[in-house]
Colleague: 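Dumping the structure here so I can ask a few things about it.
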Amino acid sequence: MLHNKIFDSARSEDLVLHCTKVNISQVAEGGIKLSGHGALKINSVGTVYLEFICTEADGVPRHSLFGERFPEDPFDSSQKLLLSAETISGDVFTSAGFKLDIRNNFSGLPLLLYVFLYEIEMSSEEKVYRENENFLYFEFREKSLIPKNRSNSVVSSLGSESHSWNQTVLEFDDLKVSIVEHESHVEVSASGSFDIDAMYDSIMFYIGMTSGCMPQAYGLVKRVGEKQSTIVRSINNTYRLKNIPGPIPQNVSIGGKIEVDSHFKILSNIYEARNNRGVYFESAFSQWKRVWHGYNSQDNIAMLSLAVSIEGLLNDIFIPSLKDEAFDPEFDEVKLKIIQELSGLDIDGQHRGSIVGFVEKWGNIHAPKALTLLVEKGLISEAEKKAWEKIRHSSAHPKFIEQSDARLIKNHERMARCLNLFYRLVLNVFRYDGAQYEFGEPRKPDIVLRPYVSVLGNA
């Protein structure tokens with residue numbers, strides 16, 4: 001298949017697609033129009049780019065002292081740039097939303113330009129063998145730690161054959177997901193009746209969070225009905241060398257049996273949340289990405305990111321549920337009467353508003369209070385709550401303190417407990433009830449099996 005060859009070249013970073021016809025234009029009528037030929041390539045850092053030889057140009061200044069940048073206003077959708085490139089074999093790749101920096105003037109054509117792209121896409125129509133079945137396929141080069149449940153034969157370059165447990169097959173809701181780990185990359189496929197974007201987001205979050213990596217799909221195939229898209233994306237190769245501690249052991253024996261069902265259920269619960277509880281998914285996914293990026297930066301940024309992400313999860317997900325549970329109609333009625341009486345006081349309006357606003361906050365659940373309630377429920381520990389309070393305070397009020405060994409140890413302990421806290425919250429959102437790592441001593445986390453605590457219910 002065509003995408004196999006393209007993805008192989010993208011993975012090895014020697015992709016070259018020679019294009020006989022290249023057109024760059026803007027959405028707005030009267031915008032720039034460039035045409036010529038060139039080649040689509042990938043550079044050593046993982047960026048897809050067009051090596052473009054422009055032979056014709058309209059709508060651009062012929063003479064420019066300092067060069068030009070298009071679009072001039074990146075927030076004006078009518079100025080968006082569009083690319084169409086036809087290869088020697090007749091395949092047409094498109095792209096949109098990129099930038100074009102022109103440092104030379106157009107007084108002397110042809111002109112060599114380098115155009116950096118987020119992705120290129122080729123559309124086609126494929127025969128469908130099962131009605132209402134969609135298909136998703138993508139590859140990435142980061143390390144996946146998803147437990148394996150299938151063995152495959154592997155043939156070496158010398159012809160010898162061996163078997164390897166390198167595949168995970170998951171089936172739920174009339175769909176099938178396969179994750180195959182090769183030496184150089186991981187390939188993921190899904191087929192069945194599902195929303196393509198929702199499934200892609202769910203799998204990326206599932207693999208990334210449980211493996212501690214940031215998967216970057218350099219190649220994707222999406223098919224909805226008979227319409228198929230083959231996509232090659234830019235990635236950041238430096239991310240492949242980075243990770244953070246994941247929350248779940250890869251293989252845990254419970255009662256003499258390797259327990260993986262709880263791990264596998266995370267994906268179906270993530271997918272259910274992505275479709276039916278958008279706020280839960282969006283908050284958990286975005287906060288996890290913030291923690292991942294923060295963890296791979298300086299320590300003070302890591303602590304700030306972790307503290308803010310925990311508070312974000314509480315505000316978005318847990319506090320609304322805890323507030324509903326703690327609702328007291330009698331207290332609310334008394335508070336309302338007090339507000340009505342205060343509103344009638346003959347005092348300065350600004351002062352009256354301040355007093356009323358203060359009373360309106362009575363009974364509100366803020367982040368520290370929410371953590372106290374979660375400690376009482378047994379979801380988190382008192383030590384984890386205190387570690388978050390310390391990190392939150394030090395992040396909000398940073399001080400220059402000499403980093404002694406004792407200070408470094410204390411910061412590590414607080415970070416470890418906050419990471420435990422963060423994962424307790426995220427995994428609870430997706431109803432995980434299996435074994436988890438409990439971070440403490442460097443590189444020697446304990447494995448614990450805490451009882452599942454239903455905080456959010458089944459909604």
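Quick note: numbers below take in every heavy atom, side chains included, and nothing from hydrogens, waters or symmetry partners.
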Colleague: Phe140 and Tyr218: ring pair (Phe, Tyr, Trp, His ring centres under 6.0 Å), yes or no, with the steps?
Modeller: CA-CA 6 Å; Phe140 59 88; Tyr218 55 82; 8.4 Å; no
Colleague: Would you say the side-chain atoms of Ser211 and Glu142 include a donor-acceptor pair closer than 3.5 Å?
Modeller: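 No, no side-chain donor-acceptor pair sits under 3.5 Å.
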Colleague: Hey, does Met303 have a side-chain heavy atom less than 4.5 Å from the side chain of Arg392?
Modeller: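 Result no, sub-4.5 Å side-chain heavy-atom pair not found.
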Colleague: Please report the shortest heavy-atom distance between Arg150 and Val169, naming the atom on each side.
Modeller: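 The answer is CG-CG2, 3.6 Å.
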Colleague: How long is the straight-line distance from CE of Met204 back to NZ of Lys289, given to the nearest 0.5 Å?
Modeller: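 Between atom NZ of Lys289 and atom CE of Met204 there are 9.0 Å.
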Colleague: Checking Asp173 side chain against Leu175 main chain: does a donor-acceptor pair fall under 3.5 Å?
Modeller: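 Not confirmed, Asp173 side chain does not pair with Leu175 backbone.
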Colleague: Can you find a pair of side-chain heavy atoms, one from Tyr437 and one from Pro249, that are under 4.5 Å apart?
Modeller: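 Counting from C-beta outward, Tyr437 and Pro249 do come under 4.5 Å.
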Colleague: Check this for me, if you would: do Lys41 and Asp14 make a salt bridge, where the nitrogen-to-carboxylate-oxygen distance has to be below 4.0 angstrom?
Modeller: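 So Lys41 does not pair with Asp14 through a salt bridge.
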Colleague: So, taking the atom named CD1 in Ile235 and the one named OG1 in Thr47, what distance separates them when rounded to the nearest 0.5 Å?
Modeller: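 Output value for this atom pair is 9.0 Å.
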Colleague: State whether the side chain of Ser321 and the backbone N or O of Phe318 hold a donor-acceptor pair below 3.5 Å, judged by distance alone.
Modeller: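 Not confirmed, Ser321 side chain does not pair with Phe318 backbone.
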Colleague: Has Ser95 got a side-chain atom pairing as donor or acceptor with Glu119's backbone, closer than 3.5 angstrom?
Modeller: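 Checking the backbone N and O of Glu119 against the side chain of Ser95, a donor-acceptor pair under 3.5 Å is found.
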Colleague: Tell me, do Leu304 and Ile391 make a side-chain contact under 4.5 Å, heavy atoms counted?
Modeller: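 The answer is no; the side chains never approach within 4.5 Å.
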Colleague: Is there a donor-acceptor contact under 3.5 Å from the side chain of Trp165 to the main chain of Asn149?
Modeller: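 Between the backbone of Asn149 and the side chain of Trp165 there is no qualifying donor-acceptor contact (under 3.5 Å).
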Colleague: Could you tell me whether Lys242 atom NZ has more than 12 heavy atoms of other residues or ligands within 6.0 Å of it?
Modeller: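 Yes, the 6.0 Å shell around NZ holds more than 12 heavy atoms from other groups.
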Colleague: Can you name the nearest heavy-atom pair linking Lys80 to Ala96, along with the distance?
Modeller: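 The answer is CD-CB, 4.2 Å.
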Colleague: What is the minimum heavy-atom distance between Tyr200 and Arg233, and which atoms define it?
Modeller: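 Smallest interatomic distance, heavy atoms only, reads OH-NH1, 3.3 Å.
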Colleague: If we only count heavy atoms from C-beta on, is the Leu306 to Phe422 side-chain gap below 4.5 Å?
Modeller: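 Leu306 reaches Phe422 side chain to side chain.
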Colleague: Got Asn236 and Val45 here, is their nearest side-chain heavy-atom distance under 4.5 Å?
Modeller: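 Asn236 vs Val45: side chains apart.
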Colleague: Check Val224 against Asn134 and note the closest heavy-atom contact, atom names and distance.
Modeller: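 Shortest heavy-atom contact: CA-OD1, 3.5 Å.
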Colleague: Are a donor atom and an acceptor atom from the side chains of Asn237 and Gln216 found within less than 3.5 Å of each other?
Modeller: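 Short answer, no.
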Colleague: Ignoring hydrogens, what is the shortest heavy-atom contact between Ser381 and Val375? Give both atom names and the distance.
Modeller: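 Scanning both residues completely, I find the closest heavy atoms to be O-CG2, 3.7 Å.
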Colleague: Enter the distance from His412:NE2 to Arg414:CZ here, rounded to the nearest 0.5 Å.
Modeller: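 Those atoms lie 13.0 Å apart.
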Colleague: Using 30° and 60° as the class boundaries, would you call the ring planes of Phe285 and Trp288 parallel, tilted or perpendicular?
Modeller: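 Rings of Phe285 and Trp288: parallel, under 30°.
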Colleague: Strictly distance-based, threshold 3.5 Å: is any side-chain N or O of Gln26 a donor or acceptor partner for the main-chain N or O of Gln79?
Modeller: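 Looks like yes, one N/O pair under 3.5 Å.
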Colleague: Using only atom types and a distance under 3.5 Å, with no angle test, would you say the side chain of Asn428 pairs donor to acceptor with the backbone of Arg424?
Modeller: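 Checked: no pair found.
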Colleague: Give a yes or no on whether the backbone of Ser9 and the side-chain of Ser12 come within a donor-acceptor separation of less than 3.5 Å.
Modeller: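 Checked: pair present.
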Colleague: For the pair Lys385 and Glu389, find out whether any cationic side-chain nitrogen is under 4.0 Å from an anionic carboxylate oxygen.
Modeller: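 Yes, Lys385 and Glu389 are salt-bridged.
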Colleague: CG of Leu50 to CD1 of Ile120: how many Å apart, nearest 0.5 Å?
Modeller: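 Reported value, rounded in 0.5 Å steps: 9.0 Å.
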Colleague: Could you please spell out the steps behind the ring pair (Phe, Tyr, Trp, His ring centres under 6.0 Å) verdict for Phe205 and Phe430?
Modeller: CA-CA 12 Å; Phe205 185 23; Phe430 303 113; 5.7 Å; yes
Colleague: Testing Ile301, Ile244, Asn243, Val291 one by one against Asn296 for a side-chain contact (heavy atoms from CB on, under 4.5 Å), which residue passes?
Modeller: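 Answer after filtering Ile301, Ile244, Asn243, Val291: Ile244.
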Colleague: Any chance you could lay out the side-chain hydrogen bond (donor to acceptor under 3.5 Å, both in side chains) test for Gln167 and Ser178, step after step, and finish with the verdict?
Modeller: CA-CA 7 Å; Gln167 183 177 15; Ser178 170; 2.8 Å; yes
Colleague: Would a 4.5 Å heavy-atom cut-off, applied to side chains only, mark Leu427 and Ile266 as touching?
Modeller: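 Contact flag for Leu427/Ile266 side chains = yes.
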Colleague: For Ile248 and Ala435, which heavy atoms make the closest approach, and how far apart are they?
Modeller: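 Heavy atoms only, the tightest pair is CG2-O, 3.8 Å.
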Colleague: Atom CG of Leu379 and atom OH of Tyr452: how far apart are they, to the nearest 0.5 Å?
Modeller: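 Leu379 CG to Tyr452 OH: 9.0 Å, rounded to 0.5 Å.
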Colleague: Show the numbers, then the answer: is there a side-chain contact (heavy atoms from CB on, under 4.5 Å) between Leu170 and Tyr206?
Modeller: CA-CA 12 Å; Leu170 306 176; Tyr206 172 55; 4.2 Å; yes
Colleague: Is there a donor-acceptor pair under 3.5 Å between the side chain of Ser286 and the backbone N or O of Ser283?
Modeller: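 Yes.
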Colleague: Is any side-chain heavy atom of Lys222 closer than 4.5 Å to a side-chain heavy atom of Asp197?
Modeller: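 They are in side-chain contact.
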Colleague: side-chain contact (heavy atoms from CB on, under 4.5 Å) for Leu83 and Leu117? Distances and angles first, verdict last.
Modeller: CA-CA 10 Å; Leu83 166 69; Leu117 308 167; 3.8 Å; yes
Colleague: Hydrogens and angles aside, do Asp76 and Ser78 bring a side-chain donor and acceptor to less than 3.5 Å of each other?
Modeller: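 Yes, Ser78 and Asp76 have a side-chain donor paired with an acceptor closer than 3.5 Å.
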Colleague: Flag the pair Glu139 and Arg11 as a salt bridge only when some basic side-chain nitrogen lies within less than 4.0 angstrom of an acidic carboxylate oxygen.
Modeller: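 Salt bridge: yes.
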Colleague: For Phe70 and Ile24, run side-chain contact (heavy atoms from CB on, under 4.5 Å): C-alpha distance rounded to whole Å, both residues' side-chain angles, the deciding distance at 0.1 Å, then the answer.
Modeller: CA-CA 11 Å; Phe70 300 95; Ile24 295 177; over 6 Å; no
Colleague: Rounded to the nearest 0.5 Å, how far does OG of Ser202 lie from CZ of Arg274?
Modeller: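 Taking CZ in Arg274 and OG in Ser202, the distance rounds to 6.5 Å.
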Colleague: Looking only at side chains, do Glu121 and Ser229 share a donor and an acceptor under 3.5 Å apart?
Modeller: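 Result is yes, a qualifying pair exists.
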Colleague: Any side-chain to backbone donor/acceptor pair from Ser305 onto Ala302? Under 3.5 Å, distance only.
Modeller: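 Judged by distance alone, no pair lies under 3.5 Å.
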Colleague: Run Ile310 and Cys418 through side-chain contact (heavy atoms from CB on, under 4.5 Å) and show every step you take.
Modeller: CA-CA 8 Å; Ile310 289 171; Cys418 277; 4.2 Å; yes
Colleague: Keeping Ser268 on the side-chain end and Phe264 on the backbone end, is there a donor-acceptor pair under 3.5 Å?
Modeller: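 Such a contact is absent between Ser268 side chain and Phe264 backbone.
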Colleague: Looking only at side-chain N and O atoms, does Asp433 offer a donor or acceptor that is under 3.5 Å from a partner on Ser262?
Modeller: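 There is such a pair between these side chains.
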Colleague: Is the terminal nitrogen or CZ of Lys5 (NZ for Lys, CZ for Arg) located under 6.0 angstrom from the six-membered ring centre of Phe7 and within 45° of that ring's axis?
Modeller: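 Verdict for Phe7: no cation-pi partner in Lys5.
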Colleague: Output yes when Glu382 and Arg417 qualify as a salt bridge under the 4.0 Å nitrogen-oxygen rule, no when they do not.
Modeller: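 No, this pair does not count.
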Colleague: Can you sort out the partners of His293 under ring pair (Phe, Tyr, Trp, His ring centres under 6.0 Å), two or more places apart, ordered by chain and number?
Modeller: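 By the ring pair (Phe, Tyr, Trp, His ring centres under 6.0 Å) rule, His293 matches Tyr239.
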Colleague: Can Phe138 and His185 be said to form a ring pair (Phe, Tyr, Trp, His ring centres under 6.0 Å), step by step?
Modeller: CA-CA 10 Å; Phe138 60 91; His185 67 287; over 10 Å; no
Colleague: In terms of side-chain heavy atoms, does Glu187 have a donor or acceptor partner in Tyr137 at a distance below 3.5 Å?
Modeller: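 There is such a pair between these side chains.
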Colleague: For a 4.5 angstrom cut-off between non-hydrogen side-chain atoms, does Glu181 reach Lys148?
Modeller: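 Side-chain contact under 4.5 Å: yes.
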